[in-house]
S.K.: 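Okay, handing you the structure first.
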Amino acid sequence: MKQFSLDLGETASLGREARAMLETLNEPQREAVVACDGPVLILAGAGSGKTRALTRKIAFLVTAHKLEPWQILAVTFTNKAAAEMRARCEQLLGPRAADLWLGTFHSIGVRILRRHGDLIGVPRGFVIYDQDDATNMIGRCLDKLGLDPKALPPKGIGQWIEAQKRECRGPEHAEIPLETHTDRTNLRVYTLYQEELKKAGAVDFSDLIWLPWRLATEHPTVAFEYKSRWRYVLVDEFQDTNRAQYKLLKAFLNDERRICVVGDDDQSIYGWRGAQVENILGFDRDYPDARVIRLEQNYRSTRTILDVSGALIAQNESRHGKTLWTERERGEAVRVYPAQTERDEAEYVGRRIEALRQDYSLSEVAIFYRTNAQSRAFEDVLRARGLPYRVIGGLRFYDRAEVKDILAYLKVLVNPADPISLERIINRPTRGIGKTTVDKCRAEADARGGTLWEAVCALAREPSAGLASKLAPFVELVLDLMTFAAAHSALETALEVLEKTSYLALLEADRSIEAQGRADNVKELLGAIGEFVERSADGTLGAFLDEVSLVSDLDGANLEDQTVSLMTGHTAKGLEFDVVFVTGLEEGLMPHFNSSDSESAIEEERRLTYVAMTRARHVLHLSHAASRRRFGQSKSAVPSRFLDGLPQNLLHQELGGYSLPSRSSGWGSGGGWGGQRGGWGGGGARQAQRPTDDVDAWVVDEVPDYENESQDASEGLQRGSRIFHTKFGEGRVLEVSGDGDKAKAKVMFADGVTRKMMASVLTLI
DNA sequence: TGTAGTGTCCGCTAA
DNA sequence: GGACACTACA
């Protein structure tokens, strides 16, 4: 076999093409590219050019070591990252890059299962269940077992099952915990759940990881095939892999052990979904001969941003520890804005964006927050100021009811055994098949031991059952669509579904704003299908469904156009922007309430904050609010502990609305920020103050109520008032009864129908 | 069987 | 503030 090892000193003997792959790299990057003959761990700090090193390495393997692209497996965290890496490899290697095995763990899992899944009872045409579908399925299982879903929330059981699958433990596995009664019940559900999934021809997200592992361990021929194929394995964002993913990698790794993992323990932010920092912290235990390379030169941020974020992450106890440095300029101070309310915070962000607009493109501005719900205030302000923005994440496009409806139709056409999708569409749009009928169909399916679809077909053919008149047309519809789908493209099929079900027509006939939005979403889905058919070599329905099952929040977001980006810190991982706002730096939010119980959870929150801060190239803003609306109520908040201990000389304290209401000036002036955690004293000119201890004393009831200002129709509503209703549109009040919260109004709407409803759902116009 | 209204619970991050 | 379950009524 060809000599695989190359020392740095030997690079002179490389061909011109291979040498080019080493150009303009710094020393550690070059070392990372060249180290090819055994396990390699690259500890890559934020902005240290790891994607650059990875793509160069792939190209180096092809040009210097003459590996075929299909002999290289590269695993990324998101589809977007995979697409970017493929594009960059194409620049280096040309069309050869198309043959690389490059994708997320989940997409590679799908690929393997599609090819060999039948060996472990996964049919070729399986569908992928998202968390929603899986939860529904668990609900069905509880039903069958006669268990009460209120006492045993399906979501919780789902998490338990997911935890087992993360350890590659099937229901029969010896190490399943059985200590408590809950464990034992969960196992009963898990067992049935797996059976039902099998019957349905479906797999869930975690199955996409652990079933391929099972394939490899139970079927040596399969393992052998991939072991001989993949001569080099690269893994990005290794700090966020879970145990099953690591096991999967090892199961397909051959004796040459040519694996290169890249990650940053300081950026591990997915512990809550099973990521094992230990994978990266203990990599050199698993592979004692692993070469460890550190990339510590940062090319992204100013020195100030680096120093401030570095001071934050240095407070974590459990970390490899590394010091990022840069040759870049000192840059501007990090601005800290103490806001009064979340509205005030959003206004500040809006003002700053307008000021910075001269120097930076809006596509280079990002607002980060801890929870998706926080986007609202920013959206309101940006909209009011006419600043274009885009929210990434939150309610995902493919999670919207109308989109899921259409996808459910398509899933049933591919795999009618899928009961979750079938139940979703059986009465949508309404065709008189209600719960009672569906229950009868379920019972029939159980009695015959077959699938729900078989039961529906059988009952449709049996007039004596009394359900046939409702079911027969539905069965005929689905059968027609199946025939159609077999001979047409994914896009044509989707159009046919909409046509035959009148789904879109019904939405368009409904004049309400919601229905219009839903109709738009359906059309957007059609656009996505059309785009997929054009782009993909395999434009089948099945391929499309696979893809949409695995889209992440970032996928499809066009970050280039002239809009401000809003997203959570989690979604921001791997991205960078010139101007960054890290918002909501308050105790309870960042760190989040649910993480306050353990030091390790706090450390993860700190890493999340660190990730958010290190996205910034030039200008970084940190902000917090004295009070924030949660669940419709104002709640007071103190600045996050993460603000303490930042180097004061690198911060610029903005004057903000964060101040005590005048009537309670008893806290005195100046020095009020000393606090128990320290670090905030000293700023004599600072206007903002906070109470040192008694948080509950914080006065919030004077916070202006922006949300409900001049909108509540329950006051001022009278006979003859013109009103607006989100569903029925404009109307005129005929009669008002009751008062206050309980006031009701009789309204004549534009469609000529009179309706009686709560006054609180109406808006005066 | 479907719909609107009401009550209740719950709340983070996500492929 | 929203998702969901339950109830009253058409």
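Because the structure is predicted, anything quoted here is derived from the model rather than measured. All values below were derived from every heavy atom in this structure, side-chain atoms included, with hydrogens, water molecules and symmetry-related copies excluded. Numbered from 1 within each chain, the chains take letters A, B, ... in sequence-line order.
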S.K.: Check every strand shown and say whether Thr571(A) touches a base, only sugar-phosphate, or nothing at a heavy-atom separation below 4.0 Å.
M.R.: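 Result for Thr571(A) = sugar-phosphate.
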S.K.: Kindly say if Thr436(A) contacts the phosphate of dT1(B), meaning a side-chain N or O under 4.0 Å from OP1 or OP2.
M.R.: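 For Thr436(A), the contact criterion (side-chain N or O under 4.0 Å from OP1 or OP2 of dT1(B)) is met.
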S.K.: Taking side chain to side chain donor-acceptor pair (under 3.5 Å) as the test, write out the residues that go with Gln276(A), two or more places apart.
M.R.: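 Once residues adjacent in sequence are excluded, Gln276(A) has no partner under the side chain to side chain donor-acceptor pair (under 3.5 Å) criterion.
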S.K.: Quick one: which of dT13(B), dA15(B), dG2(C) gets closest to the side chain of His106(A)?
M.R.: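 Given the options dT13(B), dA15(B), dG2(C), the side chain of His106(A) is closest to dA15(B).
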S.K.: So does Arg376(A) get a side-chain nitrogen or oxygen closer than 4.0 Å to the phosphate oxygens (OP1/OP2) of dG2(C)?
M.R.: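 So the side-chain polar atoms of Arg376(A) do come within 4.0 Å of the phosphate oxygens OP1 or OP2 of dG2(C), strictly under.
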S.K.: Closer than 4.0 Å, any side-chain N/O of Asn594(A) to the OP1 or OP2 of dT13(B)?
M.R.: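 False: Asn594(A) side-chain N/O out of range (4.0 Å or more) of dT13(B) OP1/OP2.
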S.K.: Pick base, sugar-phosphate or nothing for Asn427(A), based on heavy-atom distances below 4.0 Å to the nucleic acid.
M.R.: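 Since only primed, P, OP1 and OP2 atoms lie under 4.0 Å of Asn427(A), the category is sugar-phosphate.
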S.K.: Could you pull out all residues at least two apart from Lys247(A) that satisfy side-chain contact (heavy atoms from CB on, under 4.5 Å)?
M.R.: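 Checked Lys247(A) against side-chain contact (heavy atoms from CB on, under 4.5 Å); matches are Cys168(A), Trp213(A).
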S.K.: Under 4.0 angstrom, heavy atoms only, what part of the nucleic acid is Gln374(A) near: base, sugar-phosphate, or nothing?
M.R.: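 Nothing: the residue Gln374(A), judged by heavy atoms under 4.0 Å, touches no strand.
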S.K.: Please pick, from dA15(B), dT13(B), dT3(B), the nucleotide with the shortest atom-to-atom distance to any side-chain atom of Gln131(A).
M.R.: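 So the nucleotide nearest the side chain must be dA15(B).
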S.K.: Name the nucleic acid region contacted by Asn372(A), choosing base, sugar-phosphate or nothing; use a 4.0 angstrom heavy-atom cut-off, strictly under.
M.R.: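 Sugar-phosphate, backbone atoms only, no base.
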S.K.: Is the phosphate of dC12(B), meaning OP1 or OP2, less than 4.0 Å from a side-chain N or O of Ser595(A)?
M.R.: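 So the side chain of Ser595(A) is outside the cut-off, no N or O lying under 4.0 Å from OP1 or OP2 of dC12(B).
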S.K.: Contact class for Phe593(A) vs. all strands (heavy atom < 4.0 Å): base, sugar-phosphate, or nothing?
M.R.: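 Contact class for Phe593(A): none.
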